[in-house]
Peer 1: 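I have a structure here, written as structure tokens, and I will follow up with some questions on it.
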Amino acid sequence: MPPKKKARVSKRNTGSGKDDDREPVSPALKKRKAATSGGKTDESSASSGSPQYSRWLMKSEPESRFENGIDVKFGIKDLKALPDQTSCWDGVRNYQARNFMRQMKEGQLAFFYHSNCKEPGIAGLMKVVKEAYVDHTQFDRKDVHYDATSKPDDPKWSMVDVQYQRMMKRFLPLSELKKHHLQHRAKGGPLKDMALFTRARLSVQPLNTEEFDFILSLEDKEPL
């Protein structure tokens, strides 16, 4: 009999922010420093000089995988099935990924990317509905993402709430995206510097306008 799956509960509902990016510190996403892709129209520089983004790609695992007896599976269909189709995106334990989440604004769109599975790729779209706040799982000793080094008066980790928007008209596999990336890298194009390939293990990734729009256009086209 398989171990019981643990419900991940946020202040409002269940959810999870798992991924296949591991840092020595703990299992989850990677905290990212400012990412770069060509400077696009809505990626203006902040006073610190760090690029600002408004579109994202967020990875999670749609297939069962157990950590300490707990299934960390969380695919887009799981998000869609939740109350209000909304979930916290918890469990991020990489500084660069955490910082990207702290940059997210309510209403911004993100691709839901299925990772660490038989066929990785972009499955659908979701929207940020609550900006970064303290990830409660870091203080839960029973949670797979518990971090004993994080203190309530100085929490290390944050999360956002996301809401399901829709499935892609067709699933966009990593293999297809990689073909476009290689073509664009050789001849020029929107995906030439896409973080999915230049920083593949980063689980919360920024997208510039051209990258996002090009990927969105692929759902209406035949596979490459």
Side-chain angles (χ1 to χ4, degrees), residues 4-21 27-29 32 42 53-67 70-94 97-117 120-140 142-147 152 155-172 203-207 212-213 215-216 219:
K4 275 190 173 182
K5 184 186 293 187
K6 177 184 176 184
R8 310 298 304 280
V9 184
S10 76
K11 305 270 196 257
R12 296 193 284 162
N13 54 286
T14 60
S16 168
K18 293 60 53 299
D19 67 321
D20 56 353
D21 300 329
L29 306 146
R32 42 87 250 196
D42 63 337
Y53 298 93
S54 61
R55 295 160 179 80
W56 311 93
L57 180 147
M58 301 170 75
K59 297 180 181 180
S60 191
E61 299 180 26
E63 297 175 0
S64 288
R65 181 175 66 79
F66 292 92
E67 285 188 21
I70 296 171
D71 193 351
V72 297
K73 168 186 178 293
F74 189 72
I76 193 166
K77 290 182 179 178
D78 297 305
L79 175 61
K80 184 179 181 181
L82 290 173
D84 298 323
Q85 300 181 321
T86 300
S87 171
C88 60
W89 198 269
D90 62 4
V92 175
R93 298 297 181 269
N94 174 280
R98 179 205 66 181
N99 290 348
F100 277 132
M101 288 202 303
R102 287 179 176 179
Q103 194 181 121
M104 291 176 179
K105 301 299 181 185
E106 186 176 342
Q108 292 181 346
L109 295 175
F111 287 122
F112 195 121
Y113 182 94
H114 282 172
S115 68
N116 198 26
C117 56
I122 296 173
L125 277 169
M126 55 188 178
K127 179 174 67 175
V128 177
V129 293
K130 184 175 181 179
E131 296 176 12
Y133 61 105
V134 176
D135 179 350
H136 59 274
T137 65
Q138 64 195 302
F139 305 122
D140 184 355
K142 296 180 180 179
D143 195 279
V144 296
H145 299 113
Y146 171 67
D147 184 354
K156 287 184 178 181
W157 308 112
S158 302
M159 61 185 179
V160 297
D161 284 359
V162 294
Q163 184 179 59
Y164 171 87
Q165 295 299 288
R166 66 175 178 85
M167 303 294 289
M168 301 300 288
K169 294 177 184 176
R170 67 178 183 87
F171 182 79
L172 301 178
S203 299
V204 176
Q205 304 178 356
L207 294 168
F212 183 87
D213 290 347
I215 292 169
L216 204 57
E219 64 178 353

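Bear in mind that the values here come from a model prediction, so they are computed numbers and not experimental data. Because only heavy atoms are used, hydrogens play no part in the values below, and waters and symmetry mates are left out as well, while side chains stay in. All residue numbers in this chain count up from 1 along the given sequence.
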Peer 1: Can you name the nearest heavy-atom pair linking Ser87 to Leu82, along with the distance?
Peer 2: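 Smallest interatomic distance, heavy atoms only, reads CB-CD1, 3.5 Å.
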
Peer 1: Mind checking whether Met159 and His136 have side chains closer than 4.5 Å, heavy atoms only?
Peer 2: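 Yes; the side chains approach each other to less than 4.5 Å.
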
Peer 1: Could you tell me whether Arg65 and Glu63 make a salt bridge, using a distance below 4.0 angstrom between a side-chain N and a carboxylate O?
Peer 2: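 So Arg65 does not pair with Glu63 through a salt bridge.
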
Peer 1: Return yes if some donor-acceptor pair links the side-chain N/O of Ser60 with the main-chain N/O of Phe74 below 3.5 Å, else return no.
Peer 2: yes

Peer 1: Check whether any side-chain heavy atom of Phe139 lies under 4.5 Å from a side-chain heavy atom of Val134, and answer yes or no.
Peer 2: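 Yes - at least one pair of side-chain heavy atoms lies under 4.5 Å apart.
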
Peer 1: When you measure from the side chain of Arg55 to the backbone N and O of Asp213, does any donor-acceptor pair fall under 3.5 Å?
Peer 2: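 It does not hold such a pair.
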
Peer 1: Is there side-chain contact between Val92 and Asp135, with at least one heavy-atom pair below 4.5 Å?
Peer 2: no

Peer 1: Does a donor on one side chain sit under 3.5 Å from an acceptor on the other, for Asp161 and Thr86?
Peer 2: no

Peer 1: Apply side chain to side chain contact (heavy atoms under 4.5 Å, CB included) to Lys156 and Arg93, showing your working.
Peer 2: CA-CA 9 Å; Lys156 287 184 178 181; Arg93 298 297 181 269; over 6 Å; no

Peer 1: Rounded to the nearest 0.5 Å, what separates atom NZ in Lys77 from atom OH in Tyr164?
Peer 2: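 Between atom NZ of Lys77 and atom OH of Tyr164 there are 9.5 Å.
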
Peer 1: Look at the aromatic rings of Phe171 and His114 and report parallel, tilted or perpendicular, splitting at 30° and 60°.
Peer 2: tilted

Peer 1: Identify the two heavy atoms, one from Ile70 and one from Lys142, that lie closest to each other, and give their separation to 0.1 Å.
Peer 2: CD1-O, 3.6 Å

Peer 1: Report the distance from atom CG of Asp147 to atom CG of Asp140, rounding to the nearest 0.5 Å.
Peer 2: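 With rounding to 0.5 Å, CG (Asp147) is 12.5 Å from CG (Asp140).
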
Peer 1: Restricting to non-hydrogen atoms, name the atom on Val160 and the atom on Met104 that form the minimum distance, rounded to 0.1 Å.
Peer 2: CG2-SD, 4.0 Å

Peer 1: Taking all non-hydrogen atoms of both residues, which atom of Ser115 and which atom of Pro120 are closest, and how far apart?
Peer 2: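 The pair with the smallest heavy-atom distance is CA-CB, 4.4 Å.
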
Peer 1: State, with a plain yes or no, whether a side-chain heavy atom of Trp56 is found less than 4.5 Å away from one of Gln103.
Peer 2: yes

Peer 1: Would you compute the distance between atom CD1 of Ile122 and atom OH of Tyr113 and round it to the nearest 0.5 angstrom?
Peer 2: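 Here the rounded value is 7.5 Å.
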
Peer 1: Just jot down the salt bridge (charged side-chain N to carboxylate O under 4.0 Å, His left out) partners of Glu219, sequence neighbours excluded, or say none.
Peer 2: Arg166

Peer 1: Can you give me the closest heavy-atom contact between Met58 and Ala110, atom names plus distance?
Peer 2: SD-CB, 3.8 Å

Peer 1: Please list, chain by chain and in numerical order, all residues satisfying salt bridge (charged side-chain N to carboxylate O under 4.0 Å, His left out) with Lys169, sequence neighbours excluded.
Peer 2: Asp220

Peer 1: Under the side-chain hydrogen bond (donor to acceptor under 3.5 Å, both in side chains) test, which residues partner Gln85, sequence neighbours left out?
Peer 2: none

Peer 1: So does Trp157 get a backbone contact from the side chain of Gln138, meaning a donor-acceptor N/O pair under 3.5 Å?
Peer 2: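 Answer holds: yes.
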
Peer 1: Ignoring hydrogens and angles, tell me if any N or O in the side chain of Glu131 forms a donor-acceptor pair with the backbone of Glu106 under 3.5 Å.
Peer 2: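 Yes, because the side chain of Glu131 sits within donor-acceptor range (under 3.5 Å) of the backbone of Glu106.
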
Peer 1: State which residues pass side-chain hydrogen bond (donor to acceptor under 3.5 Å, both in side chains) with Gln165; sequence neighbours excluded, sorted by chain then number.
Peer 2: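 Listed in chain order: nothing, the list is empty.
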
Peer 1: Under the ring pair (Phe, Tyr, Trp, His ring centres under 6.0 Å) rule, collect the residues that match up with Phe111, sequence neighbours excluded.
Peer 2: Phe212

Peer 1: Tell me, please, which residues at least two apart from Lys105 pass side-chain hydrogen bond (donor to acceptor under 3.5 Å, both in side chains).
Peer 2: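 So Lys105 forms no side-chain hydrogen bond (donor to acceptor under 3.5 Å, both in side chains) with any residue.
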
Peer 1: Does a side-chain heavy-atom distance below 4.5 Å link Lys80 with Asp78?
Peer 2: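 SC-SC contact between Lys80 and Asp78 ruled out.
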
Peer 1: Provide the closest heavy-atom pair for Ala123 versus Ile76 in the form atom of the first, atom of the second, distance.
Peer 2: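 Between these two residues, the closest heavy atoms are CB-CG2, 3.9 Å.
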
